[in-house]
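Side-chain atoms are counted along with the backbone in the values below, which use heavy atoms only and exclude waters and symmetry mates. Below, read A as the first sequence line, B as the second, and so on, with proteins coming before strands; counting in each chain starts at 1.
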Number of protein chains: 2
Amino acid sequence: MSRASERAYSAIRAHLLSGSVAAGEQLTEDQLAQITGVSRTPVREAVRRLEDELLLVRSDTKRLFVADWSRDDIEEMFVLRQMLECHAAERAAKRLSREQIAALEALNSELTAAVEQSPPDVVRFLEANRAFHEAIIDAAHSPRLGQMLAKLVEAPVVLRTARTYSQSDLRQSARDHDELVAAFAARDGDWARAVMGSHLRRAFHTFAKTVGPRADDAANDQDSREA
Amino acid sequence: MSRASERAYSAIRAHLLSGSVAAGEQLTEDQLAQITGVSRTPVREAVRRLEDELLLVRSDTKRLFVADWSRDDIEEMFVLRQMLECHAAERAAKRLSREQIAALEALNSELTAAVEQSPPDVVRFLEANRAFHEAIIDAAHSPRLGQMLAKLVEAPVVLRTARTYSQSDLRQSARDHDELVAAFAARDGDWARAVMGSHLRRAFHTFAKTVGPRADDAANDQDSREA
DNA sequence: CGGGGACGTTTTGTATACAATAACCAGCGC
DNA sequence: GCGCTGGTTATTGTATACAAAACGTCCCCG
């Protein structure tokens, strides 16, 4: 994407992640144009991308709001991600080259090193983790699958920035990755799928603990929220 | 979406489906603006949607082309659709009300009637079929799942318009739908999932026969195609 | 005191002109 | 003849002005 709309995208995204805007708050294109220093045209382009990534939401009358996910929304995303990424792991098991498997091993060494620092380097961990999962998805050789997963992974990452990670959680992640590499080396798609499944489902429960208990039946209307 | 960009979207989509443009052909925003009778601004909006739906593709240098799916692309879409729609069927089995199940039954009566005409009314069949699947997806109550599926269903539909349906294919579809309704009535998610799986996988094979044999290893570069 | 409608304000949508970039082509040196 | 380089055209990207639509409010009427 071109320069201005790309800058707008990054700037708006950073602005949202910075926490300086509340979930559910209304934004206007003019505001965003001022913040980003470009005109409304590229802002609108950027906003469309962010809507697609579910970071922004439009009301029925086209007004723009900061997305605000319910616990059920988040669980839905995790369920979908699990379904898709298990599939990716299974395909990857058949397709990864020896070199690619070695690269995954290296990424996980990096990740493990980040975990075993004291205190653990969460930023370094997240980056290695992202790269690890991305490599698997790439190896699945399914461009649309990759595109869908990118959107799903994108969203929860935002909330995660606020979350505190325990070292034991991080260590478990590293062990899961080790086992994934073992499954890949054995070319065992079923094994890879199973490990990926428990890896992600556990991640959801860890995540959910910090968000709060399940809303049993609250009907929650995203769009009608006021600023 | 607003009036002009909505019109542009429909017009461009119709233009693509009409078959008057070849797959891989280059389009320009100006051309599309002329065809649709609106300015480039709403055209760009419409084009973004069509890119998202994979009907249009952009080259690395932002030039716009009519999408041209390989057999592998199509299989990928069917695989993903199967994965997601099986999930939807399973969820729907737990959530559909008696009334909704009755509505599905009615839709399938309509579909069956279209099939048993002579000659079968394919347009009527396709519309009932679309409504049937959509109702299931809606009942799954997973908005992002619905969004993803919409994109996947969208794309192959285009090619389908060119395809000829045999009456026995259509009858088998109707029977599958009957069995799905039975699975829903029994609230058996596993059954529903299984029926949906075979329904869609068979659809893929039927479809694939008309497209031609699998390309075993051709590395096929969508974006570098010339007009 | 409450509801409804007209009006001003805010916000989004569209057209158009201009800027930047990519493709094309022709001419030149080798 | 081949490949490069310059300029030329085609195409996309951005800014801005204006149009349309939605929102809020205030006043009037019941």
- prompt: Can you tell me if the side-chain N/O atoms of B:Thr61 get under 4.0 Å from OP1 or OP2 in C:dA23?
  reply: yes

Any donor-acceptor N/O pair, B:Ser20 side chain to B:Leu16 backbone, under 3.5 Å: no

task: Spell out, as yes or no, whether a donor-acceptor pair under 3.5 Å connects the side chain of B:Gln34 to the backbone of B:Gln31.
output: no

message: Could you tell me how far apart B:Leu32 (CG) and D:dT11 (C1') are, to the nearest whole angstrom?
response: 12 Å

- request: Using atom CD of B:Glu29 as one end and atom P of D:dT12 as the other, report the distance to the nearest whole Å.
  value: 5 Å

query: What integer distance in Å separates A:Phe65:CZ from C:dT10:C1'?
result: 13 Å

field: Atom pair distance, as rounded to whole Å: CD in B:Gln34 and C1' in D:dA10
entry: 14 Å

Set out, line by line, the N/O atom pairs under 3.5 Å between protein and nucleotides 14-21 of chain D.
from   : atom 1 : to      : atom 2 : distance (Å)
D:dT14 : OP1    : A:Ser2  : OG     : 3.1
D:dT14 : OP1    : A:Ala4  : N      : 2.8
D:dT14 : OP1    : A:Ser5  : N      : 3.2
D:dT14 : OP2    : A:Ser2  : OG     : 3.0
D:dA15 : OP2    : A:Ser39 : N      : 2.7
D:dA15 : OP2    : A:Ser39 : OG     : 2.9
D:dA15 : N7     : A:Thr41 : OG1    : 2.8
D:dT16 : O4     : A:Thr41 : OG1    : 3.4

- prompt: Taking NZ, NE, NH1 and NH2 as the nitrogens, is one of them in B:Asp73 or A:Arg144 under 4.0 Å from a carboxylate oxygen of the other?
  reply: yes

- request: Return the value, rounded to whole Å, for the distance between atom CG of A:Leu64 and atom C1' of D:dA22.
  value: 15 Å

message: With a 3.5 Å distance limit and no angle check, can you tell me whether A:Glu25 reaches the backbone of A:Ala22 through a side-chain donor-acceptor pair?
response: yes

task: Round to the nearest Å and state the distance from A:Gln26 atom CD to C:dT11 atom P.
output: 6 Å

- prompt: From A:Glu154 CD over to A:Met77 CE, what is the distance, rounded to the nearest 0.5 angstrom?
  reply: 11.0 Å

Listed partners of A:Arg95 passing salt bridge (Lys or Arg N to Asp or Glu O under 4.0 Å), at least two apart: none

- request: State whether the side chain of A:Arg91 and the backbone N or O of A:His141 hold a donor-acceptor pair below 3.5 Å, judged by distance alone.
  value: yes

Show each protein N/O and nucleotides 4-9 of chain C N/O combination with a separation under 3.5 Å, one pair to a line.
none

- request: Mind checking B:Leu27 for me? I need base, sugar-phosphate or nothing, with any heavy atom below 4.0 Å counting as a touch.
  value: sugar-phosphate

- prompt: Which whole-number value in Å describes the distance from B:Asp30 CG to D:dA10 P?
  reply: 11 Å

- line: Interatomic distance, CD@A:Gln100 vs CZ@A:Phe184, rounded to 0.5 Å, equals 10.5 Å

field: Backbone of B:Thr61 reached by a side-chain donor or acceptor of B:Ser59 within 3.5 Å
entry: yes

message: In this structure, how many angstroms lie between the P atom of D:dT12 and the CZ atom of B:Arg48, rounded?
response: 15 Å

